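Have a look at the structure below before the remarks.
Since this is a predicted model, take the numbers as computed values, not measurements.
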Amino acid sequence: AEDVEKISIVMDEVDVLQSLLDDDREASDGEVTSKNIELRGQMKRLVSDPQFSECLDRLEVEGAPVWGLSSKEHEMILLAREKINSC
């Protein structure tokens, strides 16, 4: 439960940063700006944190979310792994 909570908190922060990044991209007509770079860097730092990775590793078995998670938690774990792999 503690690992799920940690992942949830980080993913909420990533969602906020992603929204800000999307807004900035739209405002700059897709141009790369210093704000874009800063926001992407903040997201990368969040998902590459060793604690985050350790929590995620404990919530996965052979690359899939562990049994016993709610469907919402299951989706969050998949999205978290996707974010790590894309950063």
**OP:** Just grab all the salt bridge (Lys or Arg N to Asp or Glu O under 4.0 Å) pairs involving residues 10-33, residues at least two apart or on different chains.
**Re:** none

**OP:** Please go through Leu21's hydrophobic cluster and name the other residues, only I, L, V, M, F, W, Y counting, with side-chain heavy atoms under 4.5 Å joining them.
**Re:** Val4, Ile7, Val10, Met11, Val14, Val16, Leu17, Leu20, Leu39, Met43, Leu46, Val47, Phe52, Leu56, Leu59, Val61, Val66, Leu69, Met76, Ile77, Leu79, Ile84

Subject >> Pairs where residues 58-84 contributes a residue and the test salt bridge (Lys or Arg N to Asp or Glu O under 4.0 Å) is met, not counting sequence neighbours >> reply: Asp3-Arg58, Asp57-Arg81, Glu60-Arg81

**OP:** Each residue besides Trp67 in its hydrophobic cluster should be listed here, by chain and number; the cluster joins Ile, Leu, Val, Met, Phe, Trp and Tyr at side-chain heavy-atom distances under 4.5 Å.
**Re:** none

Subject >> Qualifying side-chain hydrogen bond (donor to acceptor under 3.5 Å, both in side chains) pairs, either residue in residues 45-54, two or more places apart >> reply: none

**OP:** To the nearest 0.5 angstrom, please state how far the SG atom of Cys55 sits from the CD atom of Glu2.
**Re:** 7.5 Å

Original post:
For residues 35-44, which residue pairs qualify under salt bridge (Lys or Arg N to Asp or Glu O under 4.0 Å), counting only residues two or more places apart or in two chains?
Top reply: none

